[in-house]
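We name chains A, B, ... by the order of the sequence lines, and we start the count at 1 in each one. Note: hydrogens, waters and symmetry copies are ignored here, and every other heavy atom, side chains too, is used.
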Amino acid sequence: MIQLSHPLPGARLRLVRVSVEGKSVELDGHPTGFDVFPDREIIAMHVNGTPADLARALQEDDELEPINISSPEGLQILRHSVAHITAQAVQDIFEAKLGIGPPIEDGFYYDFMIDTPLTEEDLRKIQKRMKEIVKANQRFTRVVVDESTARWQMKNEPLKLELLDKRNESLDEGNVEVDSGELTIYQNIDPRTGEIKWQDLCRGPHVPNTRIADKGFALTRVSAAYWLGNQNNQSLQRVYGTAWPDAESLAEYQQRIEEAQRRDHRRLGQELDLFSFPSEIGSGLPVFHPKGGIMRQVMEDYSRKKHLEAGYEFVYSPHITKQNLFETSGHLQWYADGMFPPMHVDAEYDENGDLKRQGQDYYLKPMNCPFHILIYKSRSRSYRELPLRMFEFGSVYRYEKSGVIHGLTRVRGMTQDDAHLFVTQDDLEVEIEKVLRFVLDLLRDYGLEDFYLELSTKDGGEKFVGDDQAWELATATLKRVAESTGLELVPDPGGAAFYGPKISVQARDAIGRTWQMSTIQLDFNLPERFELEYVGSDGEKHRPIMLHRALFGSIERFFGVLTEHYAGHFPPWLAPVQVVCVPITEDQQPYLEQFANSLRSAGVRVEVDSTDERMQKKIRNHTLAKVPFIVIAGEKDAEANAVSFRFRDGTQRNGIELNMAAQEIVDAIESRKQV
RNA sequence: GCCGGCAUGGCGCAACUGGUAGCGCAUCCGACUUGUAAUCGGAAGGUUAGGGGUUCAAGUCCCCUUGCCGGCUCCA
């Protein structure tokens, strides 16, 4: 047993026995968490499993666990507290009403109702004020209130009053302001005067004082956000910030952001001359330049080869079709908003302007599935030919809302590496398993290694086709297959499309960001709508099950993801230019030309830099262009029948014999390894 | 779609409160011929995204359109 406080001799004691991290402790007087956790790194605690402020008075038999500022929960509390400081600063400077201010990944935000939008300069002012508040070391103080007191205290905060109204209706769990338990207000109190500087309706807990935020925070941006995330509600000003236990962690975070910016595929696409978005063409419609073009070709060719090996058949379909097809498929009912408007053709009018011939509407296709279905339906099918796997690099067009278009990751015109599989109920599980393994293997070949799976299931609601039993069976099958991979499986209840559950493959890139890649989607809907059939061994007609499967999602998006994953340092097999030869003087040019020719005949993408730049400049140019192999030869190399390698990271290897050099380059390309 | 910001030679940027558009890189020409990240000199290149307006005068102020950026909402 540990005695934490030392009572005066002879004083009468009121002893409180609590358990601290499983150890029994006796405390005297009116102890709080501060008595148990004096360490400055401990900013809050769990009391009987519930997070609480350190200032909370301890009760007999309380079980206490510390919350360290650097733990995930501690960081959330810190960030939430800094959100309060932000709000106080904003209200000190502007006439603003409070929205909500929760912690988010790596930071927090706070929403405000404010007449004039905030600017970058305002952000600096707010941050300056925040520093003053931090310095003043205000105490976060929790006050339990009843509803009428809360309403009185928040009488000038219309949005908070709205939250109190909502509390009486139904409350979302995880709401940081109020929950269905007791109502609390957090007051920021000046430690010298005891004056209440600011207060907010809030569930807490919070750090003990503003000083704890110290040097580890920064406001990052302002933007608009809808009140309660509903686009029918008013638009608020959202201030984003980040907060960390110390200045070093903040700097580290800021470096991480900079690193992500350096990797931004939009920037690298420009710098490396891979692709562009000519505004003349239209928003979200990329063109691939020769360097990006060859990369795409390599990516696609490799994918084709693998699909062929895995028993897929290649099909082709047009980019537009008559309206009727998308009526049958249901796309026009469900997704008309996301489709480009129709083009009306073939209508003819006489000289009076009267209709002579009925025209019709054609649509750009947003999906390939109806076309593949028509191929399936082109003749009757036997169970013997199932599973039937149709693959197409299918170009689709979706009318994405203007505000969501983003580089190559969200476009209006894209090419899906799309496959549709028609399977019997009996083959379903085996086939899903095959598809999932195929997908993971192929992604690994492109250099992504770290995956987890997400299982999107239906969650009540009416917007679903197919009977419950079919859903349950399909969901269970997907789950079994997903689990068999041994990868982490994250449930996504309610995430299913209306026509079927799905597994999606999420990949983590080189700097730990996750991207949704492939989806494997079950479809109960389309086989029904198109009345797909096959003849079984029993001679009867049966309905096949359809699987939709996009592997990269879209080539464009995958291209963008790979660009960011590799930061433009593509492995040789993908790099647009694999080798550049740099002669030290003009004299070595023919020597290197010959070497380059031998590589070229082995299929290597190689250039000889015969410009009259100095060789240092050439090395710089090709390093910046992120060419995997720079092959240098001077007089010494030529005499020795050798060349020198220089790599993107600046390392070099000199005097490599010509055949060895060529072999090494070809091997690196063929094995798809990174150099 | 919504809120805010931005748009200047191929690229990256400059031009104070309105006063006749500059720089670096890249490009082209010439000189130099060099062992691992920028040789020197010269030339050419812009109706300041497009359209309209205010003004003696607009890159700069106002309106519309297009595109981009940061978020929100959305993503079959």
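As judged by a 4.0 angstrom heavy-atom cut-off over every strand, A:Arg266 is placed among residues touching the sugar-phosphate backbone only. Within 4.0 Å of A:Gly284, counting heavy atoms only, lie sugar-phosphate atoms of the nucleic acid but no base atom. Residue-level contact check: A:Gln616 touches the backbone only, with heavy atoms under 4.0 Å from sugar-phosphate atoms and none from bases. Within the nucleic acid shown, A:Glu635 comes within 4.0 Å of at least one base atom, counting heavy atoms only. A:Ser235 comes within contact range of the sugar-phosphate backbone alone, with a heavy-atom separation under 4.0 Å but no base atom that close. If you check every strand for non-hydrogen atoms under 4.0 Å, A:Leu624 touches a base. Counting any heavy atom pair closer than 4.0 Å across all strands shown, A:Phe277 reaches no nucleic acid atom.
In the interface, the side chain of A:Asn654 is not paired with the base of B:G35 through any donor and acceptor atom under 3.5 Å apart. A donor N or O paired with an acceptor N or O is not found under 3.5 Å between the base of B:A37 and the side-chain atoms of A:Arg614.
When rounded to the nearest whole Å, the span between OH of A:Tyr335 and C1' of B:C75 equals 10 Å. Per the geometry, CG belonging to A:Asn230 stands 9 Å off C1' belonging to B:U73, to the nearest Å. In this entry the distance linking CG of A:Leu236 with P of B:G4 reads 13 Å, nearest Å. Counting to the nearest Å, the P atom of B:C75 and the CD atom of A:Gln521 are 13 Å from each other. Rounded to whole angstrom, the span from the CE atom of A:Met615 across to the C1' atom of B:U39 amounts to 14 Å. At whole-Å resolution of the value, CG in A:Leu274 and P in B:C11 are 15 Å apart. Between A:Asn621 atom CG and B:C11 atom P there is a gap of 18 Å when expressed in whole angstrom units. Here B:A76 presents its P atom at 8 Å from CZ of A:Arg410, a figure rounded to the nearest Å.
For A:His406 and B:G70, the shortest distance from a side-chain N or O to OP1 or OP2 is below 4.0 Å. When the side-chain nitrogen and oxygen atoms of A:Tyr240 are compared with OP1 and OP2 of B:C72, one or more of them lie within a distance under 4.0 Å. The phosphate of B:G70 (OP1 or OP2) has no side-chain N or O of A:Arg221 nearer than 4.0 angstrom. The side chain of A:Ser283 places an N or O atom within less than 4.0 Å of a non-bridging phosphate oxygen (OP1 or OP2) of B:C68.
Mapping A:Met367 and A:Arg412 onto RNA chain B via the closest heavy atom, the residue that lands nearer the 5' end is A:Arg412.
Stem list for RNA chain B (at least 3 consecutive Watson-Crick or G-U pairs, distances under 3.5 Å): B:1-7 with B:66-72, B:10-13 with B:22-25, B:27-31 with B:39-43, B:49-53 with B:61-65.
Under the 4.5 Å side-chain criterion, counting only non-hydrogen atoms from C-beta, A:Pro583 is in contact with A:Lys618. Contact check for A:Ile104 versus A:Tyr109: side-chain heavy atoms found under the 4.5 Å cut-off.
In this structure, A:Phe645 has its ring center closer than 6.0 angstrom to the ring center of A:Phe629.
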